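To start, the structure itself, in structure tokens.
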Amino acid sequence: MTPSIVATREYKFFMDGEWRESRSGETIDIHSPYLPEVIGKVQAVSRVEVDEAIEAAHLAQIKWADKSLQERSAYLYKWADELVHMQDEIAETIMKEVGKTLADAKKEVVRTADFIRYTVGEAQHINGESMRGDNFPGGSKSKLAIVERVPLGVVLAISPFNYPVNLSAAKIAPALIAGNAVIFKPATQGALSGTKMIQALHKAGLPNGIINLITGRGSDIGDYLVEHPGINMISFTGGTKTGKNLAKKSAMVPLVMELGGKDPAIVREDADLYEAANHIISGAFSYSGQRCTAIKRVLVHENVADELVKQLRVEVENLTVGSPEDGNTVVPLIDTKSADFVEGLIKDAARQGAEVLTGNKREGNLIYPTLIDYVNTEMRIAWEEPFGPVLPIIRCTSDEEAVNIANKSEYGLQTSIFTRDINKAFALASKIETGSVQINGRSERGPDHFPFLGVKGSGMGVQGIRKSIDSMTREKVIVLNLS
Ligand SMILES: NC(=O)c1ccc[n+]([C@@H]2O[C@H](COP(=O)([O-])OP(=O)(O)OC[C@H]3O[C@@H](n4cnc5c(N)ncnc54)[C@H](O)[C@@H]3O)[C@@H](O)[C@H]2O)c1
């Protein structure tokens with residue numbers, strides 16, 4: 001096993017332009033999903049320090065918003081360049097911390113640099129508008145409204161473990177370019193990668209107080225951050241349960257939430273089964289299915305189910321399984337609790353009569369890719385999000401039945417429809433209750449300038465570069481009353 005490059009180094013948190021140890025005197029161990037040792041420690045930041053960070057952010061934000069867009073752009077471009085310079089170091093940290101292959105971790109870092117650059121470009125093309133009063137009956141032509149977008153103040157960015165750099169920067173970059181300061185709370189597992197990303201931003205010379213990295217357990221300081229009166233907007237990505245709790249606790253601040261999913265792949269009788277199977281396999285199993293937009297159930301017409309299942313089974317059995325260090329597709333899950341949960345879903349389905357075709361084997365946190373046929377709607381796996389390498393097949397007798405089961409879910413992130421009939425695809429897409437519908441493709445986030453959203457239990461508000469900037473700014477109207 002490769003020795004850890006991050007050893008048990010203790011990392012500081014970042015506040016008001018300085019790397020600091022917490023006065024709490026406490027640290028949190030960061031474990032790897034696949035290495036036996038603790039790979040790093042982060043500070044357990046106290047509530048008083050949270051107060052201090054938010055105050056520093058407010059003071060700094062005023063000057064930051066006063067800078068020209070070109071000045072703010074220059075810092076963000078430097079940040080993107082630093083990330084690219086640091087890609088090997090950051091990717092290795094991502095691999096060890098969240099168990100992603102080095103190739104995928106590098107892609108995540110480079111995609112993040114691209115994201116930042118595109119965000120700057122997008123912001124440079126946002127303009128306000130003006131309007132005259134007499135467009136409305138009785139309004140006066142002498143009233144001229146100038147409508148601009150202004151920053152909200154201090155944005156709280158809370159990110160999940162699975163894309164610890166990309167999903168964090170997807171909040172931080174739009175917030176910063178729009179003139180906000182940021183309090184960034186990474187997932188506990190993901191905090192080392194998040195820290196490296198902030199080191200890159202620090203190297204870019206960002207003024208003090210604009211970005212603040214607060215580490216600590218979400219369950220300890222999460223509520224305190226969310227309820228804090230100094231927070232002006234919250235951008236959250238994570239599980240639905242955490243998100244619902246957050247929505248209840250926060251008061252009168254704009255929220256954007258990207259939450260869990262149970263994305264179905266609907267395979268019609270007329271689908272190209274070979275194409276569908278390829279998309280479904282990469283959609284369901286890459287990074288062990290630990291993606292919000294992973295395909296988490298297949299709703300296939302019964303007339304083609306045998307053929308699809310045969311193809312899926314061959315492909316599932318060909319997936320590489322093991323350590324991310326060897327470039328495997330199916331890797332150990334983030335922690336034991338997650339592996340226990342996935343195992344519980346498989347056992348429940350098997351107990352209730354589903355046919356486990358392959359997989360259903362576990363070594364530590366590593367769950368072998370598992371394909372389960374003849375799943376019915378009484379089984380937990382038909383509805384619950386596994387965040388693991390397990391794919392249930394539900395056989396349907398009609399399009400209507402598939403759409404009904406798809407829509408009955410508490411989630412509404414994305415749906416894939418596989419068919420050769422484009423008219424039918426659009427007709428079904430219009431009935432589907434998810435943020436996006438993919439026709440003949442796997443569900444996925446991105447390209448990053450597409451709007452990205454979940455409905456129902458999958459979220460509220462919209463991300464995607466332009467939409468994220470919009471969500472972190474508001475309109476300001478100045479009315480000129482001409483004589
Ligand atoms: N829709 C999307 O864009 C998207 C993307 C990635 C992941 N996800 C979802 O995220 C989940 C997996 O990620 P996870 O396990 O890191 O999720 P999680 O909900 O456990 O944690 C997400 C973040 O919330 C923090 N947190 C925990 N308790 C908190 C509290 N009381 N107040 C504020 N913050 C708190 C955590 O520390 C972490 O930073 C899955 O459900 C997945 O579908 C959604």
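Each ligand, and each atom within it, is numbered from 1 in the order the structure gives. All residue numbers refer to positions in the sequence shown, counting from 1. Because the structure is a prediction, the values reported are computed rather than measured.
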| task | For the residue pair H449 and Y118, categorise the inter-ring angle as parallel (less than 30°), tilted (30 to 60°) or perpendicular (more than 60°). | result |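 Because their plane-to-plane angle lies in the 30° to 60° range, the rings of H449 and Y118 count as tilted.
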| field | side-chain contact (heavy atoms from CB on, under 4.5 Å) partner of I198, chosen from N212, L206, I211 | value |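 Only one option passes, and that is I211.
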Expected list for residues 174-186: side-chain donor-acceptor pairs under 3.5 angstrom, two or more places apart:
from, atom 1, to, atom 2, distance (Å)
N180, OD1, L152, N, 2.8
N180, OD1, G153, N, 2.9
N180, ND2, A175, O, 3.0
N180, ND2, M472, O, 3.0

| said: Suppose the criterion is ring-ring contact (aromatic ring centres under 6.0 Å, His included): which pairs have a residue in residues 215-256, not counting sequence neighbours? | reply: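 Listed by first then second residue: Y224-H228.
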| message | Evaluate D114 against K107 for salt bridge (Lys or Arg N to Asp or Glu O under 4.0 Å), listing each step before the verdict. | response | CA-CA 10 Å; D114 289 339; K107 265 192 232 155; over 6 Å; no
| task | For T370, enumerate each residue passing the side-chain hydrogen bond (donor to acceptor under 3.5 Å, both in side chains) test, keeping only those at least two apart in sequence or located in another chain. | result |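 Here no residue qualifies.
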For ligand 1, list every N/O pair with the protein closer than 3.5 Å, one pair per line with the distance.
from, atom 1, to, atom 2, distance (Å)
ligand 1, 1 (N), L259, N, 3.3
ligand 1, 1 (N), L259, O, 2.7
ligand 1, 10 (O), G238, O, 3.3
ligand 1, 10 (O), G239, N, 3.4
ligand 1, 16 (O), F161, N, 3.1
ligand 1, 17 (O), G239, N, 3.4
ligand 1, 19 (O), G239, N, 2.8
ligand 1, 19 (O), T242, OG1, 2.6
ligand 1, 31 (N), D223, OD1, 2.8
ligand 1, 31 (N), N245, ND2, 3.4
ligand 1, 37 (O), K185, NZ, 2.9
ligand 1, 39 (O), S159, O, 2.8
ligand 1, 39 (O), K185, NZ, 3.3
ligand 1, 39 (O), A187, N, 3.4
ligand 1, 41 (O), E385, OE1, 2.8
ligand 1, 43 (O), E385, OE2, 2.6

